[in-house]
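Letters A, B, ... mirror the listed sequences (proteins, then strands); counts begin at 1. No experiment lies behind these values; they were computed from the predicted model shown.
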There are 2 protein chains.
Amino acid sequence: MSNYEQLKLENQLCFPIYAASRLVTQLYTPLLKKLDITYPQYLILLVLWEYKSLSVTEIGEKLLLETNTLTPLLQRMEAKGILLRIKSESDERRKIIELTKYGLQMEKIACQIPVELAKSVSKGFSVERAMRLKEDLKLLIESLTRDN
Amino acid sequence: MSNYEQLKLENQLCFPIYAASRLVTQLYTPLLKKLDITYPQYLILLVLWEYKSLSVTEIGEKLLLETNTLTPLLQRMEAKGILLRIKSESDERRKIIELTKYGLQMEKIACQIPVELAKSVSKGFSVERAMRLKEDLKLLIESLTRDN
DNA sequence: ACAATTTATATCGTGTGCGATATAAATAAT
DNA sequence: ATTATTTATATCGCACACGATATAAATTGT
């Protein structure tokens, strides 16, 4: 036993967040295989399906990711023919990210993913609890992203 | 706007889990710098302070990590003088992981980390909500790790 | 106008995670 | 007893994350 109660794994909030995150990603992996993408790539697609056209930084603001993560990720997706990285006319520093026809079409297949996921989570985890969890996490994220 | 309501980032449970996990890790980083370790290395230390002596697979069971993640991680920690990887006498396949004197001493400094963390999270996130979040996440993890 | 600063993206290095596979030791099956 | 299977750890390859830094374009200050 640890000499300090607060250092026991059981008493940490950080570990369940970390473990749940990895488990959820693992849950997505087989579903995303149909689209030949990874989980972070799926998140990029989610924001692009929703907002159509965004700069690298704008995607980063929505997903809380920096350009040093996004640039290679977007390059890989461009190489797969999912999206285009177009230099902005008005501001030559910016790259406008837009989905290709293929990237847009992927949405039709992807729309089944949340449905299938809900099915496999719902065993032993109610919708109400999932909603509460989502709201609590959003509040935590908000408190962690405030300038502090 | 996405054509499918269920594909909007706002409606996903997966994204808050993923984002919160990264934000929490980022919150730990400056605190762990004093010990010159990373967040996953801190988790290894937590279980070793608590259980003293564990095999690679046993650590993996507690942290839900595979040996392909743990082996290099433990090798790096061994190189830093934090722990030892001792071949088991009774079963030559097993490696028993034990903390060095240095690794054990780190606990005295680490015990302040949960205290400092609680301080920075408590602004805008109550203890009750943190407890509820932890329990909900544990239930989610349980439902995701059941054989299904 | 021009130097200083800021902003947008990219590059580099290190450390995870994890699927796939390898290797060696232990156990089970015949 | 010998072969087949299982178990424990390790190796390999790839894709993130992210701190640190670089580069180029835009903006600000004087």
Side-chain angles (χ1 to χ4, degrees), chain A residues 15 17-33 35-45 54-61 63-80 82 84-97, chain B residues 15 17-33 35-45 54-61 63-80 82 84-97:
Chain A
F15 174 64
I17 296 179
Y18 163 81
S21 176
R22 288 188 302 105
L23 286 169
V24 168
T25 302
Q26 286 170 33
L27 203 62
Y28 273 89
T29 303
L31 302 177
L32 295 176
K33 212 161 188 180
L35 293 169
D36 186 32
I37 54 172
T38 64
Y39 178 68
Q41 290 174 16
Y42 174 67
L43 293 179
I44 304 272
L45 281 175
L54 292 168
S55 73
V56 177
T57 307
E58 285 166 344
I59 294 176
E61 282 163 4
L63 299 182
L64 307 180
L65 289 167
E66 302 293 322
T67 67
N68 52 6
T69 299
L70 287 172
T71 297
L73 220 166
L74 292 168
Q75 285 170 344
R76 281 188 288 271
M77 293 177 79
E78 185 177 41
K80 286 197 224 181
I82 296 171
L84 296 171
R85 297 159 63 247
I86 307 150
K87 188 177 269 190
S88 165
E89 296 279 307
S90 60
D91 184 341
E92 301 244 316
R93 293 170 307 179
R94 289 161 62 89
K95 283 268 172 69
I96 305 302
I97 313 300
Chain B
F15 173 65
I17 296 180
Y18 162 81
S21 176
R22 289 189 301 107
L23 287 169
V24 168
T25 302
Q26 286 170 33
L27 203 62
Y28 273 89
T29 303
L31 302 176
L32 295 175
K33 212 160 189 181
L35 294 168
D36 187 32
I37 54 172
T38 64
Y39 178 67
Q41 290 172 16
Y42 174 67
L43 293 179
I44 305 272
L45 282 174
L54 291 169
S55 72
V56 178
T57 307
E58 285 166 344
I59 294 175
E61 282 163 3
L63 300 182
L64 307 180
L65 288 168
E66 303 293 323
T67 68
N68 52 6
T69 299
L70 287 172
T71 297
L73 219 166
L74 293 167
Q75 284 170 345
R76 281 188 287 270
M77 293 177 79
E78 185 177 40
K80 285 197 225 182
I82 295 171
L84 296 170
R85 296 158 64 246
I86 306 150
K87 187 176 271 190
S88 165
E89 296 280 307
S90 61
D91 184 341
E92 301 244 316
R93 293 170 306 178
R94 288 161 62 88
K95 282 267 173 69
I96 306 300
I97 312 300

Just by modelled atom types, is the A:L64 backbone N or O under 3.5 Å from a matching donor or acceptor in the B:R22 side chain?
yes
Rounded to the nearest Å, what distance is computed from the CD atom of residue A:Q41 to the P atom of nucleotide D:dA17?
10 Å
Mind running side-chain contact (heavy atoms from CB on, under 4.5 Å) on B:I44 and B:L73 for me, showing each step along the way?
CA-CA 9 Å; B:I44 305 272; B:L73 219 166; 4.1 Å; yes
Upstream residue (5' side of DNA chain C) when A:Y18 and A:R85 are each assigned their closest nucleotide:
A:R85
Let me know the distance between OH of A:Y28 and P of D:dC16, rounded to the nearest Å.
16 Å
Just checking B:T57: base, sugar-phosphate only, or nothing, at a heavy-atom cut-off of under 4.0 Å?
sugar-phosphate
Can you figure out which of D:dC16, D:dA26, D:dC18 approaches the side chain of A:L73 most closely?
D:dC16
Measure from CG on A:L43 to P on D:dA15 and round the result to the nearest Å.
17 Å
Both B:D91 and A:D91 contact DNA chain D. Which one's nearest nucleotide lies toward the 5' end?
B:D91
Classify the angle between the aromatic ring planes of B:Y18 and A:Y39 as parallel (below 30°), tilted (30 to 60°) or perpendicular (above 60°).
perpendicular
Whole angstrom is fine here: how far is it from NZ in A:K33 over to P in D:dA15?
13 Å
Could you state the CD-P distance from A:E66 to D:dG19, rounded to the nearest angstrom?
7 Å
Does a nitrogen or oxygen in the side chain of B:Q26 sit under 4.0 Å from OP1 or OP2 of D:dC18?
yes
5′-ward residue of the pair B:P40/A:P72 relative to DNA chain C:
A:P72
Rounded to whole angstrom units, what separation is found between the CZ atom of A:R93 and the C1' atom of D:dA25?
5 Å
Identify, between A:S90 and B:V56, the residue whose nearest nucleotide on DNA chain D lies closer to the 5' end.
B:V56
Worked check of side-chain contact (heavy atoms from CB on, under 4.5 Å) between A:Q75 and A:R85
CA-CA 8 Å; A:Q75 285 170 344; A:R85 297 159 63 247; 3.6 Å; yes
Distance in angstrom units between A:K95 NZ and D:dA25 P, rounded
12 Å
Note: chain A reaches DNA chain C at heavy-atom distances under 4.0 Å over the stretch, first to last nt, 5' to 3', of C:dT7 to C:dA20
Please classify the nucleic acid contact of B:N68 as base, sugar-phosphate, or nothing, using heavy-atom distances under 4.0 Å.
base
Short question: side chain of B:T71, backbone of B:T67 - any donor-acceptor pair under 3.5 Å?
yes
So, does B:S55 use its side chain to make a donor-acceptor pair with the main chain of B:E58 at under 3.5 Å?
yes
Just to confirm, is there a sub-4.0 Å distance from OP1 or OP2 of D:dA17 to any side-chain nitrogen or oxygen of B:T25?
no
Between atom CG in B:L23 and atom P in D:dA17, what is the gap in whole Å?
13 Å
Give a yes or no answer on whether the side chain of A:T25 reaches the backbone of A:S21 with a donor-acceptor pair at less than 3.5 Å.
yes
Over 12 non-hydrogen atoms of neighbours within 6.0 angstrom of CD in B:E66:
no
Quick one: label B:T38 by what it contacts on the DNA or RNA (base, sugar-phosphate, nothing), any heavy atom closer than 4.0 Å.
sugar-phosphate
